Trainee: 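Quick one: the structure is below, questions incoming.
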Amino acid sequence: MVFKRLLGSLGVGGPTVDTVLDPGVAVPGGTLRGQVHLKGGDADYDIEQITLELVARVEAETEDTEHEGTVVFDRFTVGGGFRLAEGEQHSVLFSVTLPWETPVTELYGQPLGVVLGLRTELAVAGAKDKGDLDPLAVGPLPVQEAILESLGQLGFDFKSADLEYGRIGGTGQQLPFYQEIELSPSPRYAHEVNEIEVTFLAHPGGMEVVLEADKRGGLFSGGHDALTRHTVSHSDIAQHDWNTEVDAWVRQLVEHRASYGAHSAHGGYGHSDAHGGYADKGDHGHGDHGGHGHGHGEHGGHRSGPGMGTVVAAGAAGLAVGVVGGMVAAEVVDEVGDFFEGEEEEEGDEG
C-alpha cells in the first residue's frame, strides 16, 4: 500500500512524496529497501533532508489504566542536499537495516495484529513534513519461526500479539517496548496455566526467549505470573530437536511456577536460580538492562498484568486457526487501516 501525500506544511503547490518499498517481507535485523519518489511543485524547492522513521503502535499500562500511542523506534537519513525543480520527478534509492528487536507482524502470511509503519519526513526550506506513511510487514527469523512452529505442534494455539511499552529487566533489551505473542495452553497444561506469552529479544549473536505463564488461581490462592529466560543461537536451528527443546522450556516454566507459588502467596516475587539472573517485566521503561548469553533457563519475577492485545487467530502449519479466523483477520485489517488513517488526520491537523 502506498500513500501519496501533498506536503501540507509547504502549502498548495508544494512537492509530493511517495515512498515505495521493494516487494517481500522484511525480517528483524535484515535489510529494508525501497525508493522515495519526489515530484516538484509549482516552484523550485531545496530538499534539505529525507528521513525515514520506523513507527509502532504500542500499549502502555499503569496501575489502573491502559494507554495506546505511537513510538518512533529508529530513524534513517537517506538523502537530501539537492534542489527539486518545478515539476521535476526525482527518486532516491534507500537500503537500511532494521533493528534486531523489530516486532514480527505476520506468521505464515497471516497478520498478527501488530502495527508497524515506515514514515517519510521531508525537510524543505526549513520546514519539516511527515509526508508519507506506509505499512511495514515483518516476518519471523528462522529461529523464531522454528520455536513458534514447535509450540504449535505441541498443541499451543495462537491467541493474540501486542507491543508493550517497558523493559524486561535482566535481559539485553534495546528498544523501549517488547512484543508479546500470547498462546492458549495445550491440553497437557490447560489445568495449570491460562496462557503462555513468548517474547523474542534478538541480537546479532543470537536471541533471548522469555516465556511467561499466567497461572490459574485456586479457591485459596490467586493467580500469578512468572518468567523464564533462554538463549539460542541463529545457527542452532539445524542442530536442535526443537519440539523436545521447547517442551522442556515449558515444563521448566510450569514446574518453576509450582515451586514458587507458595512463596508468591506470601507476597514474594523476583525468584532467581543458581545462575543469579532473572527476567522481570517492568512498566514504562523502568527495568534493568542485562547482557546477552546469561545461560539457559534463568528464572524470573512477575509483571503487572497480562497484555491486552488485539485478538487474532492466525497461523498455518503449526499454530492452529480458529473458526473465526476470517472474521478476526478482517478486524486486524480494519485496525491497521484505522492506525494509518488516524496518523494522516493528526498530521493534517498539525499542518
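None of these values were measured; they are calculated from a predicted model.
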Trainee: Is there a side chain to side chain contact (heavy atoms under 4.5 Å, CB included) between L211 and V198 once you walk through the steps?
Mentor: CA-CA 5 Å; L211 297 181; V198 183; 3.7 Å; yes
Trainee: What's the shortest heavy-atom distance between S150 and V246, and which atoms?
Mentor: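 Heavy-atom minimum between the residues: CB-CG2, 4.0 Å.
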Trainee: Test: side chain to side chain donor-acceptor pair (under 3.5 Å). Region: residues 24-35. Which pairs qualify, not counting sequence neighbours?
Mentor: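 For residues 24-35: none.
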Trainee: Could you tell me which residues satisfy side-chain hydrogen bond (donor to acceptor under 3.5 Å, both in side chains) with R83, sequence neighbours excluded, listed by chain and number?
Mentor: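 So R83 forms a side-chain hydrogen bond (donor to acceptor under 3.5 Å, both in side chains) with D46.
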Trainee: If you measure from CD on E245 to CD1 on I147, what distance do you get to the nearest 0.5 Å?
Mentor: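 Those atoms lie 8.5 Å apart.
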Trainee: Can you check side chain to side chain contact (heavy atoms under 4.5 Å, CB included) on E145 and Y108, steps first, answer last?
Mentor: CA-CA 9 Å; E145 184 173 328; Y108 304 117; 3.6 Å; yes
Trainee: Identify the two heavy atoms, one from P103 and one from L116, that lie closest to each other, and give their separation to 0.1 Å.
Mentor: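 The pair with the smallest heavy-atom distance is O-CD1, 3.6 Å.
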Trainee: Return the OG1 to CG distance between T171 and L201, rounded to the nearest 0.5 Å.
Mentor: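 The OG1 atom of T171 sits 5.0 Å away from the CG atom of L201.
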Trainee: Answer yes or no: is there a side-chain heavy-atom contact under 4.5 Å between L38 and V17?
Mentor: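 SC-SC contact between L38 and V17 confirmed.
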Trainee: Would L32 and L118 satisfy side chain to side chain contact (heavy atoms under 4.5 Å, CB included), going step by step from the backbone distance to the final call?
Mentor: CA-CA 10 Å; L32 183 68; L118 181 71; 4.2 Å; yes
Trainee: Heavy-atom distance under 4.5 Å between the side chains of T51 and F76, does that happen here?
Mentor: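 When only atoms from C-beta onward are counted, F76 and T51 do not touch, as no gap falls below 4.5 Å.
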Trainee: Hey, are the side chains of L151 and W249 touching, using non-hydrogen atoms and a 4.5 Å cut-off?
Mentor: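 The answer is no; the side chains never approach within 4.5 Å.
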Trainee: What are the two closest heavy atoms between V143 and S233, and how far apart are they?
Mentor: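 In terms of heavy atoms, the two residues are closest at CG2-O, 4.0 Å.
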Trainee: Is there a side-chain contact between L54 and P99 in this structure, where contact means two heavy atoms from C-beta onward sitting under 4.5 Å apart?
Mentor: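 Yes; the side chains approach each other to less than 4.5 Å.
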Trainee: Taking the side chain as every heavy atom from C-beta outward, state whether K39 and D18 have any atom pair closer than 4.5 Å.
Mentor: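 Of all side-chain heavy-atom pairs linking D18 with K39, none is under 4.5 Å.
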Trainee: Could you check whether any side-chain N or O of R188 sits under 3.5 Å from a backbone N or O of G155, counting only pairs where one atom can act as donor and the other as acceptor?
Mentor: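 Judged by distance alone, no pair lies under 3.5 Å.
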Trainee: Considering all heavy atoms of both residues, which atom of T97 and which atom of G29 are nearest to each other, and what is their separation?
Mentor: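 Of all heavy-atom pairs spanning T97 and G29, the closest is CG2-O, 3.7 Å.
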Trainee: In Å, rounded to the nearest 0.5 Å, how long is the span from CD of E101 to CD of Q174?
Mentor: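 The CD atom of Q174 is 6.0 Å from CD of E101, to the nearest 0.5 Å.
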Trainee: Using 30° and 60° as the class boundaries, would you call the ring planes of F156 and Y189 parallel, tilted or perpendicular?
Mentor: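 Aromatic pair F156/Y189 classed parallel.
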Trainee: I'd like to know if the side chain of Q179 reaches the main chain of V104, judged simply by a donor and an acceptor atom lying under 3.5 Å from each other, with no hydrogens or angles considered.
Mentor: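 Here the side-chain-to-backbone pair exists.
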Trainee: So, does H203 use its side chain to make a donor-acceptor pair with the main chain of G205 at under 3.5 Å?
Mentor: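 It does hold such a pair.
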Trainee: Ignoring hydrogens and angles, tell me if any N or O in the side chain of Q173 forms a donor-acceptor pair with the backbone of I168 under 3.5 Å.
Mentor: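 Yes.
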Trainee: Ignoring hydrogens and geometry, is there a side-chain-to-backbone donor-acceptor pair from E121 to E53 under 3.5 Å?
Mentor: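 Side chain of E121 to backbone of E53, a donor-acceptor pair under 3.5 Å: no, none is there.
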Trainee: Please find the pair of heavy atoms, one from E106 and one from A137, that lie closest to each other, and give the distance.
Mentor: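 That would be OE1-CB, 3.7 Å.
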Trainee: Nearest 0.5 angstrom please: E212 CD to L227 CG, how far?
Mentor: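 With rounding to 0.5 Å, CD (E212) is 4.5 Å from CG (L227).
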Trainee: What heavy-atom pair brings G139 and P28 nearest, and what distance separates the two atoms?
Mentor: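 Distance-wise, the nearest heavy atoms are O-CD, 3.2 Å.
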Trainee: Checking side chain to side chain contact (heavy atoms under 4.5 Å, CB included) for the pair L122/V36: CA distance, chi angles, key distance, verdict?
Mentor: CA-CA 10 Å; L122 208 60; V36 179; 5.7 Å; no
Trainee: Given 3.5 Å as the limit, does a donor-acceptor pair link the side chain of E164 with the main chain of E180, or not?
Mentor: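 No.
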Trainee: Taking the side chain as everything from C-beta on, heavy atoms only, tell me whether F82 gets closer than 4.5 Å to I50.
Mentor: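 Yes, their side chains come closer than 4.5 Å.
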Trainee: Between L253 and V193, is any pair of side-chain heavy atoms under 4.5 Å apart?
Mentor: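 No, side chains not in contact.
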Trainee: Roughly how far, to the nearest 0.5 Å, is the CG atom of L163 from the CD atom of E59?
Mentor: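 Answer rounded to 0.5 Å: 8.0 Å.
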Trainee: Could you list the donor-acceptor pairs under 3.5 angstrom formed by side chains in residues 85-94, with sequence neighbours left out?
Mentor:
residue	atom	partner	partner atom	Å
E88	OE1	A85	N	2.8
S91	OG	H37	ND1	2.6

Trainee: Under 4.5 Å between any side-chain heavy atoms of L21 and L136, yes or no?
Mentor: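 Yes, side chains in contact.
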